[in-house]
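Here's the structure, in structure tokens; my notes come after.
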Amino acid sequence: MADPAGGDLSPFPRSGRWYRGNVHGHTTESDGTFTPAEYAAWYREHGYDFVSVTDHWKRTDMSAFVDARFAWIPGVELDGRGAPGRVHHVLGLGVDSLPPRKAAATLRRTVEAIRSRGGLAVVAHPYWSGQSATDLLAAGPAAAIEVYNGTCDARWGKGLAAVQWDELLQRGRMVWALASDDAHHRPDQGDDLGKAWVMVRAEALTAPTLLQAIAAGHFYGSTGPRIDGLQVVRAESGDQGPLASVQCSPCLRVNFVCDAFLGRTVHAAAGELLTEATLRLHPAASYLRVECVDEAGRTAWTMPVALGGRGLR
């Protein structure tokens, strides 16, 4: 993020390039139907630059499929059960080893086990798992949650966790949010391939560089639209909020999402589409995230920007 002292709160770095990836998916090494080779081939053939295979309790080696044009981030999905009827699944992106299964006794312990092994902890599909913002706050400092999960949407209609995300942000937890397939490739249970992805702004197509960019929030998630840039400039006058501008592929509306009712939606004129939207934000807003929604109802989500307002407190 740019130096707030200069007034520029824009979240994307000006150098590097965009890389498309899926960071949640499964192979025959756990409960998927693709072999690791088939998994890598599908994503590569469909225009992806990198993947992370997150088999359950298995750090599946995909190094054989890596070259200068296709990268692999080591990953795993750790799942556990707490109280009766409660489950938690957490992705470990970049982990160097696996913990014992008893380490996943609670959501918090699972997050801590991933962080202690050098990984980014991402709480998977919180809506499907029945997790509230209170549950997620108690989990400690996870790097991210999944705002959208393709297979949970296709199979259960519980793929979107924007409400939990906003509740966390309103309580001061500046957490990122990923969009992913959670691919299992079970066509009879709903297509979950190529449904959601992340676009990462990074200096190079390598696992360490991609992980560093994700940890810094230099990415956005999408089920279709493209986001070309987001600029947030602090106002010179204290009685005005920052000015936010987003550039995107043609969309019907752009949602500037802030604390509760402090944000606003910019709509395209009748018969037209937006490729840019600008809004003067409310001076009390403590955070901003932007959603770009296209004609098909597909969405792209920027990462949140801390604005410094007092919120609704």
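Within the 3.5 Å criterion, the main-chain N or O of Leu262 finds no donor-acceptor partner in the side chain of Asp259. Side-chain atoms of Trp176 come within 3.5 Å of backbone N or O of Ala215 as a donor-acceptor pair. In terms of modelled atom types and a separation under 3.5 Å, the side chain of Ser52 and the main chain of Ile73 share a donor-acceptor contact. Between the side chain of His125 and the backbone N or O of Tyr127, no donor-acceptor pair lies under 3.5 Å. Put simply, the side chain of Ser129 never gets that close to the backbone of Gln131: no donor and acceptor are under 3.5 Å apart. Side-chain atoms of Arg59 do not come within 3.5 Å of backbone N or O of Val53 as any donor-acceptor pair. One N or O on the side chain of Asp181 and one on the backbone of Gly194 form a donor-acceptor pair closer than 3.5 Å. Distance alone, capped at 3.5 Å, places no donor-acceptor pair between the Arg264 side chain and the Leu279 backbone. Here the side chain of Thr302 pairs a donor or acceptor atom with the backbone of Val290 at under 3.5 angstrom. In this structure, the side chain of Asp153 does not engage the main chain of Gly157 through any donor-acceptor pair within 3.5 Å.
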query = Do Leu273 and Glu295 pass the side-chain contact (heavy atoms from CB on, under 4.5 Å) test, and can you show the C-alpha distance, the side-chain angles, and the key distance before you say yes or no?
reply = CA-CA 9 Å; Leu273 294 173; Glu295 289 182 288; 3.6 Å; yes
task = For Asp79 and His56, run side-chain contact (heavy atoms from CB on, under 4.5 Å): C-alpha distance rounded to whole Å, both residues' side-chain angles, the deciding distance at 0.1 Å, then the answer.
result = CA-CA 7 Å; Asp79 54 87; His56 292 272; 2.8 Å; yes
task = Go through the steps for Leu307 and Leu9 under the test side-chain contact (heavy atoms from CB on, under 4.5 Å), then give the verdict.
result = CA-CA 8 Å; Leu307 301 177; Leu9 305 177; 4.1 Å; yes
task = Might you work through the side-chain contact (heavy atoms from CB on, under 4.5 Å) test for Ser249 and Thr275, ending with a clear yes or no?
result = CA-CA 6 Å; Ser249 57; Thr275 57; over 6 Å; no
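Using a 4.5 Å heavy-atom cutoff, the side chains of Thr134 and Arg171 are in contact. Residues Ser286 and Arg310 form no side-chain contact, since every pair of their non-hydrogen atoms from C-beta on lies 4.5 Å or further apart. Here the side chains of Tyr39 and Phe65 are not in contact, with every heavy-atom distance at 4.5 Å or above. Using a 4.5 Å cut-off on side-chain heavy atoms (C-beta onward), Pro141 and Arg115 make contact. Leu160 places none of its side-chain heavy atoms less than 4.5 Å from the side chain of Trp165. For the pair Leu136/Pro126, a side-chain contact is recorded, criterion being any heavy-atom separation below 4.5 Å from C-beta on. Proximity of Leu91 to Val76: side-chain heavy atoms (C-beta onward) are nowhere separated by under 4.5 Å. At least one side-chain heavy atom of Gln231 sits less than 4.5 Å from a side-chain heavy atom of Ser10.
In this structure, a donor-acceptor pair under 3.5 Å is present between the side chains of Asn22 and Tyr43. No hydrogens or angles considered: a donor-acceptor pair under 3.5 Å links the side chains of His184 and Asp31. Side-chain contact annotation: Glu146 with Ser180, donor-acceptor N/O pair under 3.5 Å present. Defined by atom type and a distance below 3.5 Å, a donor-acceptor pair is present between the side-chain atoms of Ser15 and Glu203. Asp182 and Tyr148 form no side-chain donor-acceptor contact under 3.5 Å, judged by distance and modelled atom types alone. At a cut-off of 3.5 Å, with distance as the only test, no side-chain donor of Asp192 or His185 sits close to an acceptor on the other residue.
Within the model, atoms OG1 of Thr28 and CD of Glu38 stand 7.5 Å from one another, a figure rounded to the nearest 0.5 Å. Taken from SG in Cys248 to CD in Glu291, the straight-line distance is 12.5 Å, to the nearest 0.5 Å. Atom OG1 of residue Thr299 and atom CG of residue Asp294 lie 7.5 Å apart, to the nearest 0.5 angstrom. Once rounded to the nearest 0.5 Å, the distance linking SG of Cys258 with CD of Gln170 reads 10.0 Å. Taken from OG1 in Thr151 to NZ in Lys195, the straight-line distance is 10.5 Å, to the nearest 0.5 Å. Expressed to the nearest 0.5 Å, how far NE2 of His88 lies from CG of Leu78 amounts to 8.5 Å.
Note: His24 and His26 have perpendicular aromatic rings, judged against thresholds of 30 and 60 degrees for the angle between ring planes.
For the pair Pro242 and Val232, the tightest heavy-atom approach, listed with the atom from each and the gap, is CB-CG1, 3.9 Å. Contact detail for Thr60 and Trp72: the closest heavy-atom pair is O-CZ2, 3.3 Å. The two residues Glu77 and Thr54 have their closest heavy-atom pair at CB-O, 3.4 Å. Between Val123 and Val90, the shortest heavy-atom distance links the atoms N-CG1, 4.4 Å. Between Asp166 and Tyr287, the shortest heavy-atom contact is OD1-OH, 2.6 Å. The two atoms that bring Trp128 and Val87 nearest to each other are CZ3-CG2, 4.1 Å, heavy atoms only.
Under the 4.5 Å side-chain heavy-atom criterion for grouping Ile, Leu, Val, Met, Phe, Trp and Tyr, Trp42 is connected to Phe70 within one hydrophobic cluster. No chain of hydrophobic side-chain contacts below 4.5 Å, direct or via other Ile, Leu, Val, Met, Phe, Trp or Tyr residues, connects Val147 to Val293. Cluster membership for Val66 and Phe34, using ILVMFWY side-chain heavy atoms within less than 4.5 angstrom, is shared. One hydrophobic cluster, built from ILVMFWY side chains closer than 4.5 Å, cannot hold both Val257 and Leu243; they sit in different ones. By the rule that hydrophobic residues join a cluster once side-chain heavy atoms approach within less than 4.5 Å of another member, Phe256 and Leu252 end up as members of separate clusters.
Within 6.0 Å of CZ in Arg173 there are more than 12 heavy atoms belonging to other residues, nucleotides or ligands. More than 12 heavy atoms of other shown residues, nucleotides or ligands fall within 6.0 angstrom of atom CD in Glu167. By the 6.0 Å contact criterion, CZ on Arg280 is enclosed, its count of non-hydrogen atoms from other residues, nucleotides or ligands being greater than 12. A 6.0 Å sphere centred on CZ of Arg253 holds no more than 12 heavy atoms belonging to other residues, nucleotides or ligands.
In summary, of the residues considered (Phe12, Phe50, Phe219), a ring-ring contact (aromatic ring centres under 6.0 Å, His included) with Trp18 occurs for Phe12 alone.
Using a 4.0 Å cut-off between charged nitrogen and carboxylate oxygen, Arg226 and Asp228 count as a salt-bridge pair.
Considering only residues two or more places apart in sequence or on other chains, Asp67 meets the salt bridge (charged side-chain N to carboxylate O under 4.0 Å, His left out) condition with Arg44.
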